[in-house]
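Order of the sequence lines sets the chain letters (A, B, ...), proteins ahead of strands, with each chain counted from 1.
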Number of protein chains: 2
Amino acid sequence: MGKGEATRERILEIAEAAVLAKGFGATSIDEVIAEAGLTKSGFFYHFKDKNALAREMLRRYVKTNDQLFDDIFARGRQLSDDPLQAFLISLKLLAEVMADLPNGHPGCLIASVCYQERLFDREVRELTAQSVRDWNARFRHILDGIAAVHPPREPIDLDDLADMMSCIVDGAIIMSKTLNDPSRLERQILIFRSCVKLIFSAPSLS
Amino acid sequence: MGKGEATRERILEIAEAAVLAKGFGATSIDEVIAEAGLTKSGFFYHFKDKNALAREMLRRYVKTNDQLFDDIFARGRQLSDDPLQAFLISLKLLAEVMADLPNGHPGCLIASVCYQERLFDREVRELTAQSVRDWNARFRHILDGIAAVHPPREPIDLDDLADMMSCIVDGAIIMSKTLNDPSRLERQILIFRSCVKLIFSAPSLS
DNA sequence: CAGAAACTGTACTTGCGGTACGGTTTTGAC
DNA sequence: GTCAAAACCGTACCGCAAGTACAGTTTCTG
């Protein structure tokens, strides 16, 4: 890894923390480079503009997040052969991980971008959209495996249920931040878990 | 109503649309006043700074939203005496209202503020927090009424379930915007409805 | 050692939020 | 109709942040 790459990483790390804390618009380049210990020229050597910074931040964020979810859901499958049990275990693990983050979940960059639409170019917006689609597909796949073994009682659209996971997490992050109460995120994941449990393990109506 | 109040209303309406579309930081005062047909001096006559604008926008938004929810949940209670049925009907109505918005739900101002924290002063942030708390209390109250008649099968924390409503809506708005698919919001409300139905009307496990 | 990569420094442009302040029109109460 | 307050307009200005331009310098690497 060249020295340039290390600097880029440092910039991205500092910028991500600042953006999640204050929003993209409120994060100035001056502030980032001051903390990173380089000059404006140095910054624009690595990123042609703020949009390029956003793009790389997103790529980084999505990658890290995917890794986390891969780990957690793989761990769930290790702990149970039943796909429903595996998913429920993973959700519990996810809740614990989210609760253990010292100052709550740092926030969701995708949502941050969402509420700043026009600040970003098409490429950035397409990147966020694709990552959400990937997320949904991931959960959809898990739910398919569950439904094959445990047919849901009520006619539930599995696509919508997969979407629900992302919605809950994003919504809970917002609530955690707004109310300054990190525990909400954990609790929302657990109540979603209860819903999944009910949907797939409820006995049939006579 | 004085002429000043009418102007203030016009500014707030234009600003709200712009902020929901592009975020607070990306909405310039110049742009708002151009559309409102007045000058910078005129703007600062009504709002001492951008924060004051945000504050009044939020008050307006929360008020309008509360009114909408009051109507919908009152209508639900009109249509059924059973609190569970009334709530389920209201959720269906809510989903329909959200689906009927021509370009999807305009977005949630609270979330917009959430991701711009440092741009706003303490008063604005406290306003958003309070409105979320009020929202949650509203749903908690409805759920209390339901649980009194239909004890939930699994031990479900009603506070968390009340929170879930807000989380779903906020999360679904983000997803709708990100994927440019207004139907997601409607579908998420309906699947939340299914969950509520399952929780309160599922038969006991033998 | 050479050349490429990784910067620094300075100077400038643009756009936005915000201030200052004097002047002008509009409105509503008497 | 009068008169003061309310509701503006115009102009000029400040500071900050994004971004450009470009020449020069250091640092790594083959």
Side-chain angles (χ1 to χ4, degrees), chain A residues 1-58 112-113 115-124, chain B residues 1-19 21-58 112-113 115-125:
Chain A
M1 180 174 74
K3 195 190 166 199
E5 204 167 328
T7 304
R8 250 189 311 276
E9 263 302 304
R10 208 168 68 248
I11 293 174
L12 286 171
E13 196 155 346
I14 292 167
E16 184 177 307
V19 168
L20 287 174
K22 313 185 294 186
F24 192 76
T27 300
S28 73
I29 293 176
D30 283 337
E31 169 196 346
V32 171
I33 63 179
E35 205 178 326
L38 82 166
T39 64
K40 217 172 195 178
S41 315
F43 175 86
F44 284 106
Y45 173 76
H46 290 291
F47 304 96
K48 70 176 263 270
D49 55 22
K50 238 187 157 189
N51 242 302
L53 176 67
R55 203 163 44 236
E56 294 311 312
M57 270 176 57
L58 268 173
S112 189
V113 169
Y115 282 103
Q116 306 272 329
E117 275 193 76
R118 303 294 155 85
L119 241 60
F120 303 101
D121 57 27
R122 237 185 56 81
E123 199 185 338
V124 171
Chain B
M1 182 174 74
K3 194 189 167 201
E5 204 168 328
T7 304
R8 252 190 310 276
E9 263 301 304
R10 206 169 69 248
I11 293 174
L12 286 172
E13 196 155 347
I14 293 166
E16 184 176 308
V19 168
K22 315 185 295 186
F24 192 77
T27 300
S28 72
I29 293 176
D30 283 336
E31 170 196 346
V32 171
I33 62 180
E35 206 178 328
L38 79 167
T39 64
K40 221 171 192 179
S41 315
F43 175 86
F44 284 105
Y45 173 76
H46 291 291
F47 303 96
K48 69 177 264 269
D49 55 21
K50 238 186 156 186
N51 244 302
L53 176 67
R55 205 164 41 239
E56 294 312 311
M57 270 176 57
L58 269 173
S112 189
V113 169
Y115 282 104
Q116 307 273 328
E117 276 194 74
R118 305 293 155 86
L119 242 60
F120 303 101
D121 57 27
R122 238 184 54 81
E123 198 184 340
V124 172
R125 292 202 300 272

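Residues meeting the side-chain hydrogen bond (donor to acceptor under 3.5 Å, both in side chains) test with B/K50, sequence neighbours left out: none. Annotation: side-chain hydrogen bond (donor to acceptor under 3.5 Å, both in side chains) contacts of B/R8 (sequence neighbours excluded): B/H46. Scored by the salt bridge (Lys or Arg N to Asp or Glu O under 4.0 Å) test, B/D121 finds B/R55 as partners (sequence neighbours excluded). Applying the side-chain contact (heavy atoms from CB on, under 4.5 Å) test to A/Y45 and every residue at least two apart in sequence or in another chain returns nothing.
In this structure, CD in A/E16 is found 9.0 Å from CG in A/L58, a value given to the nearest 0.5 Å. If you take CZ on B/F44 and CD1 on B/I33, they are separated by 8.0 Å, rounding to the nearest 0.5 Å. B/L12 contributes atom CG, which lies 10.5 Å from atom CD of B/E5 (distance to the nearest 0.5 angstrom). In this structure, CD1 on A/I14 lies 11.0 Å from CD on A/E9, to the nearest 0.5 angstrom.
Nearest nucleotide to the side chain of B/Y45, out of C/dT26, D/dA6, D/dG19: D/dA6. Of the candidates D/dT20, C/dG18, C/dA6, the closest approach to any side-chain atom of A/F44 belongs to D/dT20. Here the side chain of B/T7 is nearest to one of C/dA6, C/dG18, D/dC8, namely D/dC8.
Heavy-atom minimum distance, A/V124 versus A/N51: CG2-OD1, 3.5 Å. Minimum interatomic distance between A/F43 and A/L38 (heavy atoms only, all atoms of both residues): N-CD1, 3.8 Å. Nearest heavy atoms, A/I11 versus A/A36: CG1-CB, 4.4 Å. Scanning both residues, A/S112 and A/F24, for their nearest heavy atoms gives OG-N, 4.5 Å. Of all non-hydrogen atoms in B/R125 and B/F120, the two that sit nearest each other are NH1-O, 2.8 Å.
In terms of phosphate contacts, B/H46 brings a side-chain nitrogen or oxygen within less than 4.0 Å of OP1 or OP2 of D/dC8. Close to C/dG17, at under 4.0 Å from its OP1 or OP2, lies a side-chain N or O of B/K50. The shortest distance between the side-chain N/O atoms of A/K3 and the OP1/OP2 oxygens of C/dA5 is not below 4.0 Å.
Protein atom CG of B/D30 is 11 Å distant from nucleotide atom P of C/dG18, rounded to whole Å. Rounded to an integer number of Å, the gap from CG of A/L53 to C1' of D/dG19 is 14 Å. We find that NZ of A/K48 is positioned 20 Å from P of C/dC7, with the value rounded to whole Å. The nearest whole Å value for the distance from the CD atom in B/E5 to the C1' atom in D/dC8 is 17 Å. For B/F47 and C/dG17, the CZ to P distance is 14 Å, given to the nearest whole Å. Protein atom CG of B/N51 is 8 Å distant from nucleotide atom P of C/dG18, rounded to whole Å.
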Pick out the pairs of N or O atoms, protein on one side and nucleotides 1-3 of chain C on the other, that lie under 3.5 Å.
none

Provide a list of protein-nucleic acid N or O atom pairs under 3.5 angstrom, restricted to nucleotides 9-12 of chain D.
unit_1 : atom_1 : unit_2 : atom_2 : d
D/dC9  : OP2    : B/T39  : N      : 2.7
D/dC9  : OP2    : B/T39  : OG1    : 2.8
D/dG10 : N7     : B/S41  : OG     : 3.0
D/dG10 : O6     : B/S41  : OG     : 2.4

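For the helix from C/dC1-D/dG30 to C/dC30-D/dG1, the end axes, each set by the C1' atoms of five terminal pairs, are bent relative to each other by 30° (nearest 10°).
Remark: nothing in residues 21-29 of chain B comes within less than 4.0 Å of DNA chain D through any heavy atom.
Listed by first and then second residue, the salt bridge (Lys or Arg N to Asp or Glu O under 4.0 Å) pairs that reach into residues 17-30 of chain A are A/K22-A/E31, sequence neighbours excluded.
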